[in-house]
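The next block holds one structure in the form of structure tokens; read it before the comments.
Everything numeric in this text was worked out from a predicted model, so none of it was measured.
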Amino acid sequence: DVLGSRGLGDVYKRQPVEEAGVQNNYIQGGSSMKVYRTDEIRNVVLLGHGGSGKTSLVEAMLYVSGATNRMGKVSDASTVSDFDKEEQKRGFSISTSLIPIEWEKAKINILDTPGYFDFVGEVEEAVSAADAAVIVVSGKAGVQVGTEKAWELCDKYNLPRMIYVTEMDVDDASFRQVVEDLTARYGKKIAPHFQPIRENEKLVGYINVIKNAGRRYTGIGQREECEIPDYCKPNLEILRDSLMEAVAETSEEFMERYFNGEEFSVEEIRSAMRTEVMDGDIVPVAMGSNIQAQGVANLLSDIVRFFPSPDKRTCAGINRTTNDIFEANYDFAKAKTAYVFKTMVDPFIGKYSFVKVCSGVLKGDDILYNADTDAEEKPGKLYTMCGNKPSEVPELFAGDIGAIAKLTNTRTGDTLSTKATQVTYARTDYSVPYTYMRYKVKNKGDEDKVSQALARMTAEDVTLKAVNDSENRQTLLYGMGDQHLEIVASKLAARYKVEITLETPKVAFRETIRKNSDVDTKYKKQSGGHGQYGHVKMKFEPSGDLETPYVFEECVVGGAVPKNYFPAVEKGLQESVLKGPLAGYPVVGVKATLYDGSYHPVDSSEMAFKTATIQAFKKGFMEASPVLLEPIASVKVTVPDDYTGDVMGDLNKRRGRVLGMTPVAGGKQVIEADIPMTGLFGYCTVLRSMTGGRGIYEFKFSRYEQAPSDVQEKEIAARAAEE
């Protein structure tokens, strides 16, 4: 933790970081990145609730490691990882950024992720490329929903993890409370190996539980040895006992020594902790202050010490050449393969594909093959990214993370390999976007620009979808929440200089009939030369099939309407059902029977019979008790037990019908319900606020049902006003 006596921005003094075990000295700025072997690499994702201090922690890491000579601040829009204009404007991360840090002869690839739930796709991309996670918790705000979600993600991807408690320099921060809350949730595996020393509610130092030694802070990033204060000893005893117990459980020999009251050496403790952290049996808890850069050097050393290098993790794909399983396992001696886990599209610096090398050693002059698109790609140059700044590297070893520019036929989720050994890896499972809005282009003539910009943005963001809903003549944007879509609109304006407005989308209602009708329609027109004459007698009734627009039958006797006009009658029906007479929505479930009529040997034509049919349909439809049908969705809402009552009450308010509940792991329930599509607008925001961000939902279209009369009246009036 000692980085020499200096203020922020001064040149580093030549003073070793003793506590962290670092021997090298730092110089201002930092040099270009060298090539690292697989066993020297750590891929770490920072997870946690929005505002818990992930981005500030990255700044402190860069500063402590000597990569920067001044710490940026989120509030000043000067951080390395929040480089996007939207992130700087809003003061929070929107996308994942890669920050490589050199520490203790290792390269730590830090993936700084957004904490807000609308950007979960970015988090899932980062987690898929990480080998371990640091879950960041604010000492002031404590354990939050984002902390729980981060833990669940680590469980899903089987990631070793550590907890880092930030903001310990804040008056009302409580390390003990955070540890108690974590232990209550996750049990004995929570193992704090640092303990804060506080005087007058201020953080003045810490105790290293492993070394059983005290350290007092003397300035930004500086500390000196000190006595352990008496008031810290009772709690230290508890922490040390639980840590020693965990260490003892790693082997029978250790267990025997523990029971005999023997002490373990610092190296033995660390070695046992590394084993247990990698197995997921222990989750170490460290703490510090990002602003004061305190505790950060210790965290970096713990990452190198306790977290696995990629070659300790498994990774397998399919060898498409032989159809066998390809055990890559981050072995640099095997055939070259890499997985594209993220794409960055920047209007100024172009497109970068972020890759994790799964086997072999990638070089700039390699010719790679993309089996997903059956295309060859020539990287040309390999980069390591620090935020949005690329630095060229000659090669990337298995397990390393880097970027390749301008891969034309490659997108997120693709695998790059060689033509001789064609490999594909399973694609990452991303969250599905269910929040959608209609968007309109503000300036006429900008439609092409908007669609091109959205194509780039959807290449970059796996949870964004642009859909053309031709039936309702509208274009839709799907995202993870209202904030997500609002930021997309803002990015379009700032980055691509095109503007869109977001509106409530039209719902695809349908029209049908409930009763029977019988109409007689004659179309007659005389205007010099040939006239027009078509006469049909038709019956209309419900067909009972809401999947098909209409069923046409004829039972004309004695040639009252010649057969050659039947197709014209059907054509009239085809046109009529596209836009119903009630509110202009498509018609379904109508059976039309032509049973009589008449014709004129000279004036009758296909056009005349088609027109007569259209008129007959309008009249017959309106006489057969027409109704509007609304789309019904099957929705599944997953919420913790405590919220089921509120959620079910809200679904009822939205005219939903709860069908049942199923308990699932983690004390949660899946509520299944049928709900009109109109009831789902704004549901994402309401569900989050009702459940503190813990509830998630998914839906799919199920069927059409008759809309209640008040809904029908409102919709018919709205459509009439529109017309």
task = State plainly whether the residues K378 and D365 are in salt-bridge range, i.e. N to O under 4.0 Å.
result = no
inquiry  = Please give me the minimum heavy-atom distance between G399 and N43, naming the atom from each residue.
reply    = O-ND2, 2.7 Å
ask   = Of all heavy-atom pairs between A453 and Y496, which one has the smallest distance, and what is that distance?
value = CB-CG, 3.6 Å
message = Distance alone, cut at 3.5 Å: any donor-acceptor contact between the side chains of Y339 and T428?
response = yes
Crowding at OH, Y434 (>12 non-hydrogen neighbours, <6.0 Å) = yes
query = Does a side chain donor of either T55 or D112 reach within less than 3.5 Å of an acceptor in the other side chain?
reply = yes
ask   = For the side chain of K336 and the backbone of V361, is there at least one donor-acceptor N/O pair under 3.5 Å apart?
value = yes
message = If the threshold is 4.0 Å, N to carboxylate O, is there a salt bridge linking K363 and D366?
response = no
salt_bridge(E86, K89) N-O dist < 4.0 Å = yes
note = Value for NE2 (H484) from CG (D118), rounded to nearest 0.5 Å, stands at 7.0 Å
task = Give a yes or no on whether a salt bridge exists between R42 and E104, defined as a side-chain N under 4.0 angstrom from a carboxylate O.
result = no
message = For R495, is there an ion pair with D84 - N to carboxylate O distance below 4.0 angstrom?
response = yes
inquiry  = If we count only N and O atoms by modelled type, under 3.5 Å, do the side chains of T410 and N370 hold a donor and an acceptor together?
reply    = yes
request  = Could you check whether the rings of F306 and H193 sit parallel, tilted or perpendicular, using 30° and 60° as the cut-offs?
outcome  = perpendicular
request  = Indicate whether any N or O donor in one side chain lies under 3.5 Å from an N or O acceptor in the other, for D324 and N319.
outcome  = no
inquiry  = Given V247, which partner from the list I282, I210, T275, I269 fulfils the side-chain contact (heavy atoms from CB on, under 4.5 Å) test?
reply    = I269
request  = Look at atom CZ of R694 and say whether more than 12 heavy atoms of other residues, nucleotides or ligands are closer to it than 6.0 Å.
outcome  = yes
query = Is there a side-chain contact between V283 and L182, using heavy atoms and a 4.5 Å cut-off?
reply = no
ask   = Do NZ/NE/NH1/NH2 and the carboxylate oxygens of K351 and E460 come within less than 4.0 Å?
value = no
task = Indicate yes or no: does D374 engage R320 in a salt bridge with an N to O separation below 4.0 Å.
result = no
message = Under a 3.5 Å cutoff, is there a donor and acceptor pairing between the side chains of K356 and Y330?
response = yes
inquiry  = Would you compute the distance between atom CD1 of I487 and atom CD1 of I94 and round it to the nearest 0.5 angstrom?
reply    = 4.0 Å
query = Under 3.5 Å, is there a donor-acceptor pair between the T415 and T424 side chains?
reply = no
key: No-hydrogen, no-angle side-chain donor-acceptor test under 3.5 Å, T337 and S359   = yes
note = Heavy atoms of Y36 and A106 approach each other most closely as CE2-C, 3.7 Å
key: Residue pair R270 / R274, side-chain heavy-atom distance below 4.5 Å   = no
message = Tell me the closest heavy-atom pair linking M71 and A60, and the distance in Å.
response = SD-CA, 3.5 Å
ask   = So Y436 and F699, would you call those rings parallel, tilted or perpendicular, with 30° and 60° as cut-offs?
value = tilted
